[in-house]
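Every heavy atom of this structure was used, including side-chain atoms; hydrogens, water molecules and symmetry mates were not. Note that the numbering runs from 1 along the sequence shown for the chain. We count ligands from 1, going down the list as the structure has it; atoms in each ligand are counted the same way.
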Amino acid sequence: MSDLTENTGALDTSDGIYFAPLLPWQQSLWSQLTNRVSTSQQSLPHALLAAGMQGMGKRAFVWRLVAWLLCRKRDTHPSGACAECESCQWLRSGTHPSLQVLPLVSMPVSAENISNRETANSSAKDKKSAKTASNSALKIKVDDIRALQPFIYQGGQGMRICVLDHAEQMTVAAANALLKTLEEPQAQVHLFLISDTPAQLLPTIKSRVQQLALQTIEPASAVDYVTQALGSTVNREAVATAAIEQLIQLANGAPLAAIALAQAPWYSKRALWLTTWQALRSGKRSSIAASDYWQTQLSIAEFIQLSELMLLDMRRVCLGLSELQKDISLLAALEAYQPTDSGLEGFATSLQQTKIALQQNVQEKFAYDKLMQELAYL
Ligand SMILES: [Zn+2]
């Protein structure tokens with residue numbers, strides 16, 4: 001596996017993320033921030049926010065920068081942490097004394113140390129189902145922020161760093177506790193907030209953090225990066241530039257999200273989805289037969305993701321916009337028959353309800369049967 005593909009996991013939580021190659025579109029921001037620290041003319045801002053949609057590499061950037069800031073040999077390694085010094089070793093093992101991460105599950109550690117971390121994370125351990133645990137473990141609570149205070153105010157030598165991932169998930173009480181910390185910057189202490197949906201952050205928090213300029217990427221450099229990362233094929237088919245551009249457009253311009261999309265098992269089933277829809281609607285195929293077939297193809301969660309994309313594009317065409325997917329015969333299908341607004345709304349609602357039902361442990365087969373019945377009436 002090449003360095004590029006190793007670096008593509010938008011949700012990569014292994015320790016490799018600390019030492020991964022810098023993403024090309026983050027080069028100037030990296031130089032700007034590291035020069036500030038190295039030349040000591042200006043210090044790094046007390047609190048930084050890495051915000052924006054998933055797939056732009058903001059977590060990759062933050063963890064890389066954190067590793068570099070803490071690295072003992074950063075003076076001789078301007079382009080990234082050395083990966084060898086004591087500090088870098090601590091990062092790998094998830095035991096760095098100068099780093100605090102909330103929620104704890106967000107801390108990237110090497111595979112052999114994951115079990116240690118999970119044992120330490122009692123809030124996750126106490127929950128009944130793994131799914132509930134992962135959702136609740138993301139939420140930063142006021143006690144978590146209070147528990148940070150001794151670390152922040154302890155003084156002493158060297159830089160100390162707090163990373164708050166999924167910052168928008170903070171409870172209001174937690175956010176208020178954090179505000180106090182943001183208003184009293186401590187020497188040598190830096191806070192990094194990460195958020196996929198910064199619009200959900202309290203304005204009082206947002207106004208006290210400096211946002212990293214991570215959201216700009218030239219379309220051409222996005223195409224280059226995705227092309228290189230995917231190699232020459234997607235699902236064993238040769239990739240044309242048009243296909244890459246389509247992936248990037250579907251991912252709202254986020255390169256890592258575009259790569260994840262290309263690698264998603266459902267992405268190659270889009271034409272099949274269209275065929276199924278047409279066969280169901282015309283009565284050539286029963287919903288039970290379609291359900292049985294699709295259960296052998298994709299998990300219900302994947303089928304929902306696929307359906308959401310198809311629905312999005314159908315809506316665009318029905319509104320008179322151009323379709324995003326040029327590689328399947330969506331237009332021809334919609335020329336033959338166009339769903340009504342209420343039909344589209346109804347199916348979108350069914351998809352949402354199915355997601356909720358699945359969280360409540362409804363059987364996949366049952367959920368699939370029901371969705372196929374609904375799809376027949378789209
Ligand atoms: Zn190092």
Side-chain angles (χ1 to χ4, degrees), residues 1-50 57-117 120 148 151-152 154-165 186-194 210 212 214 256:
M1 197 184 266
S2 76
D3 284 337
L4 270 180
T5 48
E6 271 178 2
N7 199 19
T8 54
L11 297 171
D12 183 11
T13 54
S14 78
D15 59 326
I17 200 167
Y18 293 118
F19 314 109
L22 186 61
L23 296 166
W25 58 93
Q26 298 174 346
Q27 186 68 58
S28 68
L29 183 63
W30 177 268
S31 308
Q32 192 192 323
L33 290 172
T34 54
N35 283 340
R36 272 178 82 152
V37 176
S38 300
T39 58
S40 304
Q41 285 167 344
Q42 295 168 292
S43 63
L44 206 61
H46 169 58
L48 288 159
L49 169 65
K58 57 185 180 303
R59 286 185 179 81
F61 187 86
V62 167
W63 292 119
R64 217 176 171 280
L65 185 60
V66 165
W68 182 81
L69 287 168
L70 294 171
C71 178
R72 299 279 163 87
K73 296 183 182 167
R74 75 172 186 227
D75 292 344
T76 51
H77 291 75
S79 58
C82 76
E84 283 160 3
C85 71
E86 193 179 25
S87 167
C88 290
Q89 297 297 337
W90 280 334
L91 281 180
R92 284 187 195 282
S93 61
T95 57
H96 205 300
S98 303
L99 175 66
Q100 291 284 318
V101 179
L102 289 178
L104 198 55
V105 288
S106 288
M107 187 193 287
V109 293
S110 61
E112 61 264 34
N113 286 300
I114 281 179
S115 57
N116 297 345
R117 178 182 66 181
L148 275 185
F151 173 79
I152 289 172
Q154 73 192 14
Q157 293 289 306
M159 193 177 276
R160 297 191 301 288
I161 294 177
C162 299
V163 178
L164 279 69
D165 197 4
Q186 300 294 304
Q188 300 268 63
V189 176
H190 295 281
L191 272 74
F192 287 87
L193 276 65
I194 306 175
Q210 188 165 327
L212 292 168
L214 279 165
L256 302 188

key: His77 backbone or side-chain N/O/S under 2.8 Å from the Zn ion (ligand 1)   = no
query = Would you say the side chain of Arg36 lies within less than 4.5 Å of the side chain of Pro45, judging by non-hydrogen atoms?
reply = yes
Heavy-atom side-chain proximity of Asp165 to Phe192 below 4.5 angstrom = no
key: Opening angle at the Zn ion (ligand 1) [SG, Cys82; SG, Cys71; to 10 degrees]   = 100°
task = Examine distances only and state if a side-chain atom of Arg72 and a backbone atom of Glu86 form a donor-acceptor pair shorter than 3.5 Å.
result = no
task = Report the angle formed at the Zn ion (ligand 1) by atom SG of Cys85 and atom SG of Cys88, rounding to the nearest 10°.
result = 110°
query = When you measure from the side chain of His46 to the backbone N and O of Leu191, does any donor-acceptor pair fall under 3.5 Å?
reply = no
